[in-house]
Asks: 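Quick one: structure below, then a few questions.
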Amino acid sequence: MSEPQPATGSPNTVDAPADLRKRPPMPVALLLAARPRQWVKNVLVLAAPLSAAKLGHADVLRTSAIAFVAFCFAASCIYFINDVMDVESDRRHPKKRFRPIAAGWVPIPLALVSGTICGIVGLGVAAIANWTTVLVVAVYMALHIVYSMWFKHVPVLDLAMVASGFLLRAIVGGVAANLELSQWFLLTTGFGSLFMVAGKRYSEMVLMGEDAAASRKSLSEYSQTYLRFVWQAAATVTMITYSLWAFQLATTANGIVAHKSAKPWLEISVIPWVFIFLRYSMFIDSGRAGEPEDVVLKDRVIMGIGAVWLAVFATGVILVGARG
């Protein structure tokens with residue numbers, strides 16, 4: 001008797017593995033393929049307005065909401081395209097084989113049409129804010145389409161391309177609201193993104209072992225030692241740049257402390273920030289950070305430390321804004 005075959009674009013439910021035979025209704029399958037759980041990453045669009053103490057302003061809140069929605073559609077566009085490109089390798093992955101396209105629940109032509117529609121809607125929503133926001137969203141989609149087709153198989157470039165997606169999310173929040181972005185903010189976001197991406201790749205290698213390259217070709221060029229070096233170096237740089245950024249927020253261009261009441265709050269915020277990275281690194285080290293959003297949303301300790309960091313940091317920037 002032959003072994004059961006993975007689901008294909010037009011799956012035979014008799015031959016498909018038992019855990020893939022329960023086909024959801026098409027609207028549900030399409031929604032799952034759009035990966036709404038991944039939209040939590042788009043909260044990064046609020047980072048720039050928050051750090052500028054402008055999030056409470058009605059116009060900034062409006063443009064931030066527009067940028068968030070635009071990136072949700074843009075990201076879903078990329079997820080559809082990426083899953084079509086990776087359909088065969090995803091079927092060999094223990095978790096990714098449950099994605100609707102890999103499982104055969106969403107036909108490939110329908111997935112491509114859905115991705116195109118999401119991309120057009122994302123650009124249309126971005127245009128409500130301003131044309132600079134449209135440009136950032138368009139650059140995000142262009143980079144990730146190129147990534148899905150070619151660069152995902154090029155070592156180092158694949159890490160840079162995925163990390164750029166997080167950085168562009170942070171940039172668009174400031175661009176939509178016409179806010180000036182600090183160089184330390186950009187460095188913190190950029191290297192923090194690299195930390196998450198390298199940690200994800202490292203976890204995939206730990207989880208799948210010798211089969212990792214079958215799921216993601218670029219992993220055949222990496223070693224666990226190299227990826228460990230990358231995520232550890234990125235974590236170190238992120239913690240340093242955040243510290244410099246936090247200290248800078250309460251000072252003037254001449255280095256004079258202008259917001260004495262805010263300074264201790266911003267300095268103290270470095271402590272929970274560091275412990276967030278230390279806690280998350282435990283999941284990377286054990287190979288459990290393959291899905292970063294699951295780690296962040298399901299670990300109560302990270303959620304608790306994150307809430308403390310947010311409260312302390314927000315208090316500092318609010319005091320800066322009140323006295324600026």
Side-chain angles (χ1 to χ4, degrees), residues 2-41 72-119 141 144-154 158-159 161-162 165 196-197 200-220 222 287-295 297-298:
S2 62
E3 293 295 324
Q5 297 300 311
T8 61
S10 299
N12 183 327
T13 56
V14 174
D15 294 333
D19 49 11
L20 294 179
R21 292 178 190 167
K22 295 181 179 179
R23 180 191 297 269
M26 186 57 68
V28 175
L30 285 171
L31 179 62
L32 293 173
R35 301 198 214 172
R37 292 180 63 188
Q38 301 279 353
W39 293 346
V40 68
K41 298 174 183 177
C72 287
F73 279 103
S76 291
C77 164
I78 300 305
Y79 294 142
F80 275 112
I81 295 173
N82 182 74
D83 288 356
V84 167
M85 300 295 295
D86 288 353
V87 64
E88 294 301 330
S89 60
D90 282 354
R91 287 169 181 161
R92 295 189 289 269
H93 193 279
K95 291 184 178 180
K96 294 179 182 178
R97 69 195 186 106
F98 294 102
R99 290 177 176 174
I101 298 173
W105 298 336
V106 176
I108 288 177
L110 179 58
L112 291 173
V113 171
S114 300
T116 301
I117 293 173
C118 284
M141 290 196 294
H144 281 71
I145 289 173
V146 171
Y147 162 80
S148 296
M149 291 182 173
W150 297 290
F151 288 164
K152 73 182 331 173
H153 303 306
V154 182
D158 68 320
L159 299 178
M161 294 290 281
V162 178
M196 299 286 284
V197 175
K200 177 180 172 71
R201 296 290 181 269
Y202 178 86
S203 292
E204 289 175 348
M205 291 194 71
V206 172
L207 175 66
M208 299 191 67
E210 296 180 355
D211 296 328
S215 173
R216 191 181 297 276
K217 186 177 178 180
S218 63
L219 290 179
S220 63
Y222 291 125
R288 293 178 290 160
E291 298 294 339
E293 64 279 0
D294 286 345
V295 175
L297 295 178
K298 292 182 178 180

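Worth knowing before you read on, the calculation uses all heavy atoms, side chains too, and leaves out hydrogens, waters and symmetry mates. Throughout, numbering of the chain's residues begins at 1 and tracks the sequence. Keep in mind that this is a model prediction, so the values were computed, not measured.
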Asks: Does the side chain of Met26 reach to within under 4.5 Å of the side chain of Pro100, using non-hydrogen atoms?
Replies: no
Asks: Identify the two heavy atoms, one from Pro24 and one from Trp105, that lie closest to each other, and give their separation to 0.1 Å.
Replies: CD-CD2, 3.5 Å
Asks: Does a side-chain heavy-atom distance below 4.5 Å link Val162 with Lys200?
Replies: no
Asks: Enter the distance from Ser76:OG to Ile81:CD1 here, rounded to the nearest 0.5 Å.
Replies: 11.0 Å
Asks: Would you indicate whether Tyr79, at its atom OH, is surrounded by more than 12 heavy atoms from other residues, nucleotides or ligands within a distance under 6.0 Å?
Replies: yes
Asks: Taking the side chain as every heavy atom from C-beta outward, state whether Leu30 and Leu110 have any pair of such atoms under 4.5 Å apart.
Replies: yes
Asks: How long is the span from the CD1 atom in Ile78 to the CG atom in Asp83, to the nearest 0.5 Å?
Replies: 11.0 Å
Asks: If every non-hydrogen atom of Ala102 is compared with every non-hydrogen atom of Val87, which pair is closest and at what distance?
Replies: CA-CG2, 3.9 Å
Asks: What distance do Met205 atom CE and Ser220 atom OG have between them, rounded to the nearest 0.5 Å?
Replies: 9.0 Å
Asks: What is the distance from atom CG of Leu112 to atom CE of Met85, rounded to the nearest 0.5 Å?
Replies: 9.5 Å
Asks: Val295 and Ala289: which non-hydrogen atoms are nearest, and at how many Å?
Replies: CG2-CA, 3.9 Å
Asks: Taking everything shown except Phe151 itself, do over 12 heavy atoms lie less than 6.0 Å from its CZ?
Replies: no
Asks: Before you tell me yes or no, could you show the steps for Arg37 and Asp294 under side-chain contact (heavy atoms from CB on, under 4.5 Å), namely the whole-Å CA-CA distance, both residues' side-chain angles and the distance that decides it to 0.1 Å?
Replies: CA-CA 9 Å; Arg37 292 180 63 188; Asp294 286 345; 2.2 Å; yes
Asks: Any ion pair linking Lys96 and Glu204 (charged N to carboxylate O, less than 4.0 Å)?
Replies: yes
Asks: Can a salt bridge be assigned to the pair Lys152 and Asp86 using a cut-off of 4.0 Å between side-chain N and carboxylate O?
Replies: yes
Asks: Supply the atom-to-atom distance Glu291 CD to Gln38 CD, rounded to the nearest 0.5 angstrom.
Replies: 6.0 Å
Asks: Considering residues at least two apart in sequence or located in another chain, which fulfil the side-chain contact (heavy atoms from CB on, under 4.5 Å) criterion with Val206?
Replies: Tyr202, Gln224
Asks: Show your working on side-chain contact (heavy atoms from CB on, under 4.5 Å) between Phe80 and Ile101 and close with a plain yes or no.
Replies: CA-CA 8 Å; Phe80 275 112; Ile101 298 173; 4.2 Å; yes
Asks: Quick one: side-chain hydrogen bond (donor to acceptor under 3.5 Å, both in side chains) partners of Ser203, sequence neighbours excluded?
Replies: none
Asks: Do any N or O atoms from the side chain of Arg23 and from the backbone of Ala103 form a donor-acceptor pair under 3.5 angstrom?
Replies: no
Asks: Atom OG in Ser148, atom CG in Asp158: separation rounded to 0.5 Å?
Replies: 11.5 Å
